[in-house]
Amino acid sequence: MNQNWDRKVSKNQLLGKAGLSTVSQGNKLSTSKTSNMKSYKLENGAVEAIRRVIPASEVAAKTAVHPLNPRNQEALNPTSVANTLASIEKNEIDTDCLGIWSDDNKVILIIEGSVRRYCAIEAQKEYPVWVLPAGSATNKDIRRLINDAEDGKKPHSLREKGGAYMKEALELNKDAENLKVDDVAKLIGVGRETVRKALQAYTLDISLLKLLPDYEGVSGGIYPELSKIEKAVKKADIAMKDFVDAVKAHATYQAVLENQSTGSAQKAVVKVIQDQLQKMTNKRTANKAENFELASFSDRNKSAKMKVSADGRKHTIELSRIEKSIVDDIENFIRERLKQ
C-alpha cells in the first residue's frame with residue numbers, strides 16, 4: 001500500500017480559478033472537479049468538503065469507520081444488510097457518504113455511510129464520499145452530522161444509540177456509567193425516556209441478544225423482553241453462557257433460523273428463549289434446596305439443622321444454642337472423619 005497518500009490542492013484550485021478543473025491527488029484517488037465541493041456549517045465556521053470516488057479495490061484500505069459512528073460493525077453481514085447490498089450490487093452506490101480525513105491525512109474516517117462502505121467492499125463497488133479536512137469538525141459537529149444524515153436504509157438500533165449516548169456522557173463526566181438515567185439524560189440533553197430505552201438496550205447481555213438474527217435490527221419491543229429474561233436468568237443463578245448454549249441446543253432454535261424470514265425469526269427466537277428459561281427454572285425449582293432437622297428439642301430456641309443445596313453438592317449444618325461440649329465433640333468428629 002502506498003504510504004505517501006497525501007493530498008495536493010493548490011490555493012487557486014480551492015478558490016475555483018478558471019482553467020483548473022481537477023485536483024491533483026498523490027493518493028491516486030479518482031480526481032474531482034472543483035465544482036464537486038460542498039460547504040458544511042460547523043462550529044468553527046463554514047468548511048469545504050471535496051467529493052472523492054474511491055475505487056472498489058481501495059475502499060477497505062483507504063477508509064475506516066469514525067470512532068463516533070454508532071453503527072456496530074460486527075453486526076454487519078449479508079443478512080443484516082440484505083436490501084442495501086442487493087441494491088448496490090445492482091445499481092452501485094447512488095447516495096454519497098460523508099467522511100473526514102484522519103489527523104495524519106492518510107485515511108478517510110466515515111462519519112455517515114458505514115453500511116454502504118461494508119456493501120462496497122462486499123460487492124466490490126466504487127465508494128463516493130464527501131471528505132472534510134482533517135481536524136475541521138468537533139465531536140459535537142460529527143454527532144450532529146450523523147443525526148442529520150437522511151440515510152434511512154438501515155436506522156441505528158436502540159442499542160447503538162445507547163452506546164453513542166454513553167460515549168458522549170463519558171466525555172462530559174467520566175463517572176457517567178454510575179449516574180442515574182435522569183442524570184445522563186440531562187447531561188447529554190436528550191429526553192429521559194429515550195435515554196432509558198437506549199441504555200436498557202445497550203446494557204443488555206450481548207451474548208443473549210446475539211441469539212437473534214440481525215441482532216442490531218430488532219424492533220424496540222424486543223429489548224424489554226430480553227431484559228426481563230436476563231434478570232430471570234440471574235435470579236435463578238444460571239450462568240448466562242450455560243443458558244445461551246442451552247437455547248442454541250433447543251430443538252426448534254436452528255429450524256427457526258433456517259426456515260423463517262429475519263423479522264419472523266427474531267420474534268420466534270424470543271419465544272424459544274422464553275421456553276428454555278421456563279424449562280431451566282422449572283428444573284431448578286424441582287431440585288430446590290432441602291432443609292431438615294437433625295434432632296428435636298423441648299427448648300424452642302434450640303435446634304440442629306442441615307441444609308442441602310439443589311445440586312446436592314453443598315451441605316450446611318446449623319447448630320443453635322447447643323452446649324459447647326457437644327459442639328466440640330461434633331467438630332472433632334468431623335475433623336477426624338475427614339482425615340480418613
Problem - Steps toward side-chain contact (heavy atoms from CB on, under 4.5 Å) verdict (Glu216, Glu160) - result: CA-CA 8 Å; Glu216 292 291 17; Glu160 289 170 332; 3.9 Å; yes

Exercise for the section: Take Asp182 and Lys186, measure what salt bridge (charged side-chain N to carboxylate O under 4.0 Å, His left out) needs, and give me the verdict at the end. Expected result: CA-CA 6 Å; Asp182 287 354; Lys186 290 177 182 177; over 6 Å; no

Practice task
Check the pair Ile54, Ile108 against side-chain contact (heavy atoms from CB on, under 4.5 Å), reporting the backbone distance first and the verdict last.
Solution key: CA-CA 10 Å; Ile54 304 177; Ile108 298 172; 3.9 Å; yes

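The pair Arg52-Glu58 does not meet the salt-bridge criterion, since no charged nitrogen lies less than 4.0 angstrom from a carboxylate oxygen. In this structure, Lys167 does not pair ionically with Glu171, as no charged nitrogen and carboxylate oxygen lie closer than 4.0 Å.
Here the shortest heavy-atom pairing between Leu257 and Leu211 reads CD2-O, 4.4 Å. Minimum heavy-atom separation, Asn105 to Ala134: OD1-CB, 3.5 Å. In plain terms, the two heavy atoms of Val81 and Cys119 that are nearest each other are CG2-SG, 4.0 Å. For Tyr223 against Leu204, the heavy-atom pair with the smallest separation is CD2-CD2, 4.3 Å. Minimum interatomic distance between Tyr127 and Ile110 (heavy atoms only, all atoms of both residues): OH-CG2, 3.4 Å. Shortest non-hydrogen contact noted between Cys97 and Glu112 is CB-O, 3.3 Å.
Lys180 pairs by the side-chain hydrogen bond (donor to acceptor under 3.5 Å, both in side chains) definition with nothing, not counting sequence neighbours. With sequence neighbours excluded, the residues that form a side-chain contact (heavy atoms from CB on, under 4.5 Å) with Asn77 are Thr79, Ser80, Tyr118. With sequence neighbours excluded, the residues forming a side-chain contact (heavy atoms from CB on, under 4.5 Å) with Lys271 are Gln274, listed by chain and number. In this structure, the salt bridge (charged side-chain N to carboxylate O under 4.0 Å, His left out) partners of Asp96, at least two apart in sequence or on a different chain, are Arg51. By the side-chain hydrogen bond (donor to acceptor under 3.5 Å, both in side chains) test, Asn332 pairs with no residue at all, sequence neighbours left out. Listed by chain and residue number, Asn72, Lys210, Tyr215 satisfy the side-chain contact (heavy atoms from CB on, under 4.5 Å) test with Glu74 (two or more places apart in sequence, or in another chain). In terms of the side-chain hydrogen bond (donor to acceptor under 3.5 Å, both in side chains) criterion, Glu92 has no residue partners (sequence neighbours excluded). Checked against side-chain hydrogen bond (donor to acceptor under 3.5 Å, both in side chains), Thr262 has no partners two or more places apart in sequence or in another chain. By the side-chain contact (heavy atoms from CB on, under 4.5 Å) test, Ala246 pairs with Gln276, Met280, sequence neighbours left out. Partners of Glu258 according to the salt bridge (charged side-chain N to carboxylate O under 4.0 Å, His left out) rule, which considers only residues two or more places apart in sequence or in another chain, do not exist here.
Taking Ile, Leu, Val, Met, Phe, Trp and Tyr as members and joining any whose side-chain heavy atoms lie under 4.5 Å apart, directly or through other members, the hydrophobic cluster of Tyr202 also contains Tyr165, Met166, Leu170, Leu172, Leu179, Val181, Val184, Leu187, Ile188, Val190, Val195, Leu199.
With Ile222 as the partner, the side chain to side chain contact (heavy atoms under 4.5 Å, CB included) test is satisfied by one option alone out of Leu212, Leu158, Val269: Leu212.
Within a 6.0 Å sphere centred on CZ of Arg321, other residues, nucleotides and ligands contribute 12 heavy atoms or fewer.
Residue pairs that meet the salt bridge (charged side-chain N to carboxylate O under 4.0 Å, His left out) test with at least one member in residues 125-141, sequence neighbours left out, are Glu43-Lys140.
Put simply, CD on Glu48 and OH on Tyr40 are 10.5 Å apart, with the number rounded to the nearest 0.5 Å. Asp329 contributes atom CG, which lies 7.5 Å from atom CD1 of Ile326 (distance to the nearest 0.5 angstrom). Here the CG-CD distance, from Leu68 to Glu168, works out to 9.0 Å after rounding to the nearest 0.5 Å. Rounding to the nearest 0.5 Å gives a distance of 4.0 Å between CD of Glu193 and CZ of Arg196.
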